[in-house]
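Structure record follows, encoded as C-alpha cells.
Every heavy atom of this structure was used, including side-chain atoms; hydrogens, water molecules and symmetry mates were not. To find a chain, count down the sequence lines: A is the first, B the second, and so on, and within it residues start at 1.
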Amino acid sequence: MDSYLKFRNVRGTKDLLPEEAELWRWVEEVIRKKMEDYNYQELRFPTFELTELFKKSTGEDTDIVQKEMFTFKDKGGRSLTLKPEGTPSVVRMYLQYGLYNRGILQKFYYIERMFRQEKPQRGRYREFRQFGAEAIGSPSPETDAELVRSALDIFNELNIHGIKLNINSIGCPKCREKFIREFKKFLCSRLDSLCNDCKRRYSTNPMRILDCKIDREKLIDVPVPLDYLCDDCRKHFSGFKERLGYLGINYSIDKHLVRGLDYYTKTVFEFTHSKLGTKDEVGGGGRYDGLIGFLGGDETPASGYAVGLDRLLLLSPQRKESRGIDVYVITLDKASDLTGWKLVNELRDSGFSADKDPLGRSMKAQFREADRQNAKWAIVIGEKEREGGSVQLKRMETGEQKEVPLNITTIKEELKC
RNA sequence: GUGAAUGUAGCUCAAUUUGGUAAGAGCACUGGACUGUGGCUCCAGAGGUUGGGGGUUCGAGGCCCCUCAUUCACCCCA
C-alpha cells in the first residue's frame, strides 16, 4: 500500500463510506415519502446556473452572493455559478416551463447538492446537501404552517428531537419601508458604537443589523419589524401563529429574526438545535411573495424552506443495522469453483443476494468471509458434493447444516425457510 | 476571509522531567494451530518517508519557520 498519497478529497467536501451512504439513503427515502404525503412533487435541477440568476434572486447584498459563490466562466464567456441555494432554480423552472399552467398552486420539493465557498467546519461544507420545499401560488398562512409542519414531521420521522422553531414576520415592502425609516432614525445617533459590518449594512441592508450577534445587547430597545406591520401583514402573522397552535407546534417569536436572503416577506422561520454549537441552525425559510414577479413572472405569492442535510445527520442517532447478504457460496476446488459461480448467478437471478470468493482462498478464509459479510446461509460445494450432485446448505446463525440436491429450484425452496 | 488548537499504522492511542538506540500497543487485515466448516482462544505476518517541505542540532515524532488538512471561535449561512 502506498504510504504517501497524492490525492485526498478537497477541502470542504465530504466522502461517504458505505455505512454512511446507507444512512443517507435512508434519510433521503424518509424525506421523499413525507414530502409526497404532503403532496409535494420532486424537482431536480442543474448544478450550475447563470450567475445573474442568483444575483437577482438571492440578492446582491447577501453574503452568499458577495463572498461565497463558486463562479466561473464557460468558453463562451458566460458567467456561471454552482448553485448556493435552491429557491432561485425552482422559481426559474416554474417560470421557464410555465408550471403555473398546471394549476394555481404548485408544490415542489428537492434534495440537491449546494455549493458555498466558506471556511469549512463540522456540518458546514463547501459542497453540502439540502432538502427544501416550495409552495408557489398560495398567499395563505396555512401554507406557511404546512411547510413548517412538513419539516418537523421529517425531523420526527428521523428520530431527531430537540429542534426549536423560531418565527417572525418582517412584513411586506410597504410596511417595511416605514419600519426602515424609523429604524435608521433610531440608529443614526448610535451608529458609531456599532460593529463595522453593521455600519456598512446601515446603508446597504439595514434590516440585517437586527441579526447581528455582537451588537445584540445594544439593540434591545430598537424598533423591530413586527411592531410596524400593516393590517394585512399583522393578520397574516396571527393566522400563521393560529395554525401552528392548532397543529400543536411549539414556537418562540424572535423579533430579531430576519434571515439572510433578500427575497423574504412576511413570515420567516428557522429551525435550531443546541447540539450544533454556536451555529445552531438546521434549516430555515419563509415567504417570498415578491420574487416571482421580480424575476419577470406575474406577481405570485410563494413560501418555502431549506434544511441542511449534513447538519441533520449530525443530530440523527446512529442506527447500527447490520446488513448482510443472503448466501455466500464456498467452493473447495477448481471444478467446484465453476459450479459455485454458476450457482451464485442463478441465485442472483432468483432475487437473492449472493457472492463467492474469486481468489481461490482456503475454506477457512471463505467461511470467515461469509461471516464478515453477515451471510444468512453458506453453501459448500466440494468434491463429495459434486459427485453426489448436491450441496451443503448451512444456516450461519445456528450452524445447522444439511445436504440438498444441486438444483436451483430446490435450493430456492430451502432458502425461504 | 480573520484568530486559535490539533496532526504518530486503516481506526483509537502510546513513546519516561528540558531533544538521545533501529517509533510501540489494542482493534481491524492476512496466514497458521484446526490440511472439509465461520464466530472464541493462541501464535505469526504484513502495514509508518511521525500530514508535507525547509531550518536549528553530533542527534528531531517532540524545538523554530512555511505549507496542507481537521476542529473550535468569529463573519455568516444549511
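- Of the listed nucleotides (B:rC29, B:rG36, B:rG39), B:rC29 has the atom at the smallest distance from the side chain of A:R372.
- Rounded to whole Å, the separation between the C1' atoms of B:rA25 and B:rC66 comes to 34 Å.
- Salt-bridge formation is not detected for the pair A:E383/A:R386: no Lys NZ or Arg NE/NH1/NH2 atom is positioned less than 4.0 Å from an Asp or Glu carboxylate oxygen.
- Residue A:R11 places at least one side-chain N or O under 4.0 Å from the OP1 or OP2 atom of B:rU70.
- Classified by its glycosidic torsion, B:rG62 falls in the syn category, the angle being within 90° of 0.
- A donor-acceptor contact under 3.5 Å is formed by the side chain of A:E385 with the base of B:rG36.
- Below the 3.5 angstrom threshold, one finds no donor paired with an acceptor across the side chain of A:Q121 and the base of B:rU70.
- Screening A:E177, A:E182, A:R176 against A:I180 for a side chain to side chain contact (heavy atoms under 4.5 Å, CB included) leaves a single residue, A:R176.
- Checked by distance alone, A:K394 brings a side-chain donor or acceptor within 3.5 Å of a matching partner on the base of B:rG38.
- Within 4.0 Å (heavy atoms only), A:F271 reaches no atom of the nucleic acid at all.
- Cation-pi geometry between A:K184 and A:Y202 is satisfied (NZ or CZ under 6.0 Å from the ring centre, within 45° of the ring normal).
- Note on A:R368: a side-chain N or O is less than 4.0 Å away from OP1 or OP2 of B:rG31.
- Contacts of A:G86 with the nucleic acid, taken as non-hydrogen atoms under 4.0 Å apart, are absent.
- Contact between the side-chain N/O atoms of A:R259 and the OP1/OP2 oxygens of B:rA78 is found at a separation under 4.0 Å.
- In terms of position along RNA chain B, the nucleotide closest to A:R361 lies nearer the 5' end than the nucleotide closest to the other residue of the pair A:R361 and A:G284.
- In this structure, the side chain of A:D326 does not engage the main chain of A:A354 through any donor-acceptor pair within 3.5 Å.
- One can find a donor-acceptor pair under 3.5 Å joining the base of B:rA78 and the side-chain atoms of A:E118.
- Comparing the C1' positions of B:rA28 and B:rC65 gives a spacing of 38 Å, expressed to the nearest Å.
- For A:R122, taking side-chain heavy atoms from C-beta onward, the closest of the listed nucleotides B:rC72, B:rG36, B:rA78 is B:rC72.
- Seen from the ring of A:F294, A:K56 counts as a face-on cation partner, given the 6.0 Å and 45° thresholds.
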